[in-house]
Structures are given as structure tokens and as C-alpha cells.
Amino acid sequence: MVPSAPVSRSPLGPQVYREMAVFSGNAHRALAEAVCKHLEMPLGDCEVTQFSNEEVFVRFLDNIRERDVFLIQPIVSPVNTRLMELFVMIDAAKRASAGRITAVVPYYAYGRSDKKDQPRVPVTARLVANFIETAGADRVLTIDLHAGQIQGFFNIPVDELTALPLIADYFRNVGYESPVVVAPDVGDAKRARNIAQRLGAELAVIDKRRIGNEERTQAMGLIGDVDGHDCLIVDDEILTGSTMMSAVRLLNARGARSVSVACVHPVMSATAFEVLDSPELSELVFTDTLPLVHGTFKSVPTTVLSVAPLIGDAMYRIHTGGSVGALFR
Ligand code: R5P
């Protein structure tokens, strides 16, 4: 697909934006390249470096005056450096007279800090939104936010894509006979129901408890019947693997025939590679919204589904003023 429509109008004003220009920070260049390959256009040239004092420096090597600029940067480890790179890229693009700037953030870090649920704690997801806007972004394109209401933390348009249909299609092709889709936490029930409906499967929900502010969880109970069924646990992200592994153990103890695990965002701390590389689960499926930076899985079968075509199609629709929602109808 060639982004042939050279002129589109911003919903924000009467400006006319010329061609698309796509750039990557240092978070996930392979994804940005795959998006550009899908769009049949080159990835733009841009230096994103650090001085010896760790200050971030950015310089666009292409002219981007009046261009429709897309900056691809999921917020992966080292999270605060990648965030700073994004802010500085947006600022540099603004000062280079870009026509419109879309921050393409396939994984929005700090999403779990989305409410003040204890005394004297921050709402960091809101703070990050403020920074992205203040830096000068005109729009945000993201995938499966931890909580949908994070969209409302922005005063600029946010397009939130979902990779759940990709995951559902994958498991439809696996062809389990009567699978049960399992939410590893009550908060994940809507997501799991989405997949269950797409697969025509039953739904089960685990009652998970988090132990204080530590990264440890416990699966306390199960609503639903998994005895003799192939189970598919679906979560938005995996960090330490604690949530998933306690769910896997509970389902195996309740007689599941097999347990597969799927998530959109493989945040994967080093611990996750130890915890999840286990014969207790039969398969691990995730997307490439993030690169794996802390290790690899050695024995558990893994499948990576690419979100590059989804992001590319959404960017093209944003550029040409098409409906992004229509991608999911
Ligand atoms: C929590 O609400 C999320 O949906 C995930 O369950 C959580 O982020 C996973 O973290 P971990 O892998 O450390 O248990």
C-alpha cells in the first residue's frame, strides 16, 4: 500500500499536511521498519542519542516541514529513557515545523498507575499524558491500554487499537474443541470475554489478590468450569509472570487438559523468563508491541504475532482521514 493521498486535513484545524514521514526512537526499530515495509515507504532518518551525562539528543536528518509525522516509540525498558526520547523527538519535530505529530506508542507504560487507590500515591499515567501533550504531540496512536479511561487523560485525539482479534484468530486456527478463555483477574474479564465471544468459547474468571505493592500475586479462586478443557489465559501484559503462573497452576489443579497463555504486551522482566519457561503451560503467545529486552524463552513454545500491519493501516487511515474504528468492524 502506498500512502498516495498526499493531502489530508487535520481534525484540529485548517492546516494541510503533505506526505507521511515515519521515524523511530531507540525502543523498537524492528517494529517501525515492519510498519514502513507494510506501508511501502522508507523509515525516516533521525538521530536519537545520549551524551555522556545521559542527556537525550535528537536530530531529524530529513526535512519534515509541514509533513504528517509519525514517531514510533513503545515505552519499553529502560522506560524512563525511552519516555524522554519520545518527549525530545516530539519537541524536535515541533521545532522543525512538522505539520502534525502523532506519537505512536504501541505500549503505554505507567498504565497501571491510573488511579489514586491508596493515600499519597501518584496517577503517573496521567502525568505521562500531560508530558506527551506539553511536548507538542497532536495525536496519539496506541494499542490495548491497561485501562481504557487513560484515553481521557489526554486533551488531544487518542486512537486505541486492539490486538485481541489477532490473538483470537490465532487460537481459532489452532482449533481447540471446546476451549475455555480465562481472565487471570476480575479486571481482565472484559478482555477475556471479547476473545471468548470471537472463539465461541466459555469464559472463566480467577479471583487474584496482589500482595501489598510487591510484584507477587496469588490466585485465590475460580468462577467457571475448566475440568477436561483446553484453557487459554488472556491478559493485557505480562511483567514478572507471577499473575500468569499462579493462574496456570490453579487451572492445572482444577483439571484443565492444557493451559496456553496469551498477552498483548510482553513487558517481561528477567524473572518472567525463569517463571514462565515451564512445562506447566503448553504455549505462550504475544505480540511485538515491545521487543524482549531481558531474555528469551528456551523451552516453552512461543508464537509472536505482529501488530505492524495493524499500526500501518491505522496510520494510513489517520493520514487520509479514514475511519480507524472501521478496522475492527
Ligand atoms: C494487572 O492488572 C495486569 O493486567 C497484569 O495482570 C499484570 O500487569 C501482570 O503482572 P505480573 O506479570 O508481574 O504478574
Side-chain angles (χ1 to χ4, degrees), residues 74-77 79 105-118 121-126 128 142-151 153 160 162-164 167 181-196 203-223 231-252 259-278 280-281 283-287 289-297 300 302 304:
I75 311 305
V76 65
S77 173
V79 165
V105 186
Y107 172 67
Y108 189 88
Y110 286 109
R112 296 193 297 182
S113 177
D114 61 343
K115 56 187 158 310
K116 193 165 181 271
D117 54 1
Q118 301 171 49
V121 297
V123 182
T124 318
R126 165 79 196 231
V128 170
T142 187
I143 302 186
D144 290 300
L145 290 164
H146 178 64
Q149 62 268 23
I150 292 171
Q151 289 177 31
F153 293 173
E160 182 188 0
T162 176
L164 296 183
I167 293 174
V181 179
V182 182
D185 185 8
V186 178
D188 291 309
K190 212 170 150 195
R191 212 169 272 125
R193 195 185 319 122
N194 179 315
I195 303 257
L203 175 69
V205 179
I206 288 175
D207 175 24
K208 172 182 105 172
R209 304 278 160 85
R210 197 164 274 284
I211 304 165
N213 286 329
E214 295 167 33
E215 292 181 322
R216 280 190 302 132
T217 59
Q218 212 174 341
M220 306 294 289
L222 174 73
I223 305 164
C231 293
L232 160 59
I233 315 175
V234 185
D235 209 340
D236 58 330
E237 64 178 60
I238 296 176
L239 174 56
T240 63
S242 168
T243 300
M244 280 302 192
M245 228 31 231
S246 54
V248 169
R249 290 194 178 121
L250 180 69
L251 298 179
N252 281 331
V259 183
S260 300
V261 160
C263 75
V264 177
H265 307 296
V267 187
M268 307 290 181
S269 68
T271 324
F273 294 97
E274 290 160 28
V275 171
L276 294 170
D277 227 337
S278 154
E280 292 165 273
L281 57 134
E283 187 175 12
L284 187 50
V285 177
F286 46 83
T287 80
T289 55
L290 297 170
L292 302 182
V293 291
H294 295 298
T296 49
F297 291 101
V300 65
T302 47
V304 183

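Both counts, for ligands and for their atoms, begin at 1 and track the order of listing. Below, each value reflects all heavy atoms present in this structure, side chains not excepted, and no hydrogens, waters or symmetry copies.
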ask   = Going by distance alone, is a donor N or O of one side chain under 3.5 Å from an acceptor N or O of the other, for S269 and H294?
value = no

query = For residues S246 and K208, is any side-chain donor paired with an opposing acceptor at under 3.5 Å?
reply =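 Absent: no donor and acceptor within the cut-off.
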
ask   = Does P184 come within less than 4.0 angstrom of ligand 1, counting non-hydrogen atoms of the residue?
value = no

task = Consider ligand 1: state whether an atom of it lies below 4.0 angstrom from any non-hydrogen atom of K208.
result = yes

query = What do you reckon, does I238 have a nitrogen or oxygen under 3.5 Å from a nitrogen or oxygen of ligand 1?
reply =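 No: no nitrogen or oxygen of I238 is under 3.5 Å from one in ligand 1.
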
inquiry  = I'd like to check whether T240 has a polar contact with ligand 1, where a contact means an N/O of the residue lying under 3.5 Å from an N/O of the ligand.
reply    =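 Yes.
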
ask   = What's the verdict on side-chain contact (heavy atoms from CB on, under 4.5 Å) for Y108 and D144, showing C-alpha distance, side-chain angles and the deciding distance?
value = CA-CA 9 Å; Y108 189 88; D144 290 300; over 6 Å; no

ask   = Can you list the ligand 1 atoms lying under 4.0 Å from a non-hydrogen atom of D236?
value =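 Per the distance check, 3 (C), 4 (O).
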
request  = Give the numbers and elements of all ligand 1 atoms closer than 4.0 Å to a heavy atom of R112.
outcome  =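 So the atoms of ligand 1 that pass are 7 (C), 8 (O), 10 (O).
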
With a heavy-atom distance limit of 4.0 Å, tell me whether [X] approaches ligand 1 through its side chain, its backbone, both, or neither.
{"X": "D188", "result": "side chain"}
{"X": "M244", "result": "neither"}
{"X": "L239", "result": "both"}

inquiry  = As a check for students: among T243, V264, T271, D235, identify the option with a heavy atom nearest to atom 5 (C) of ligand 1.
reply    =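 Heavy atom nearest to atom 5 (C) of ligand 1 belongs to D235.
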
task = Decide yes or no on side-chain contact (heavy atoms from CB on, under 4.5 Å) for V205 and L222, but give the supporting numbers first.
result = CA-CA 6 Å; V205 179; L222 174 73; over 6 Å; no

key: Derivation of the side-chain contact (heavy atoms from CB on, under 4.5 Å) call for V293 and V76   = CA-CA 8 Å; V293 291; V76 65; 4.3 Å; yes

message = Taking V264's backbone N and O only, do any of them form a donor-acceptor pair with T287's side chain (distance below 3.5 Å, no angle check)?
response =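 At least one qualifying donor-acceptor pair exists.
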
message = Less than 4.0 angstrom from a charged side-chain N to a carboxylate O is my criterion; do K190 and D188 meet it?
response =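 Looking at D188 together with K190, the answer is no, because their closest N to O distance does not fall below 4.0 Å.
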
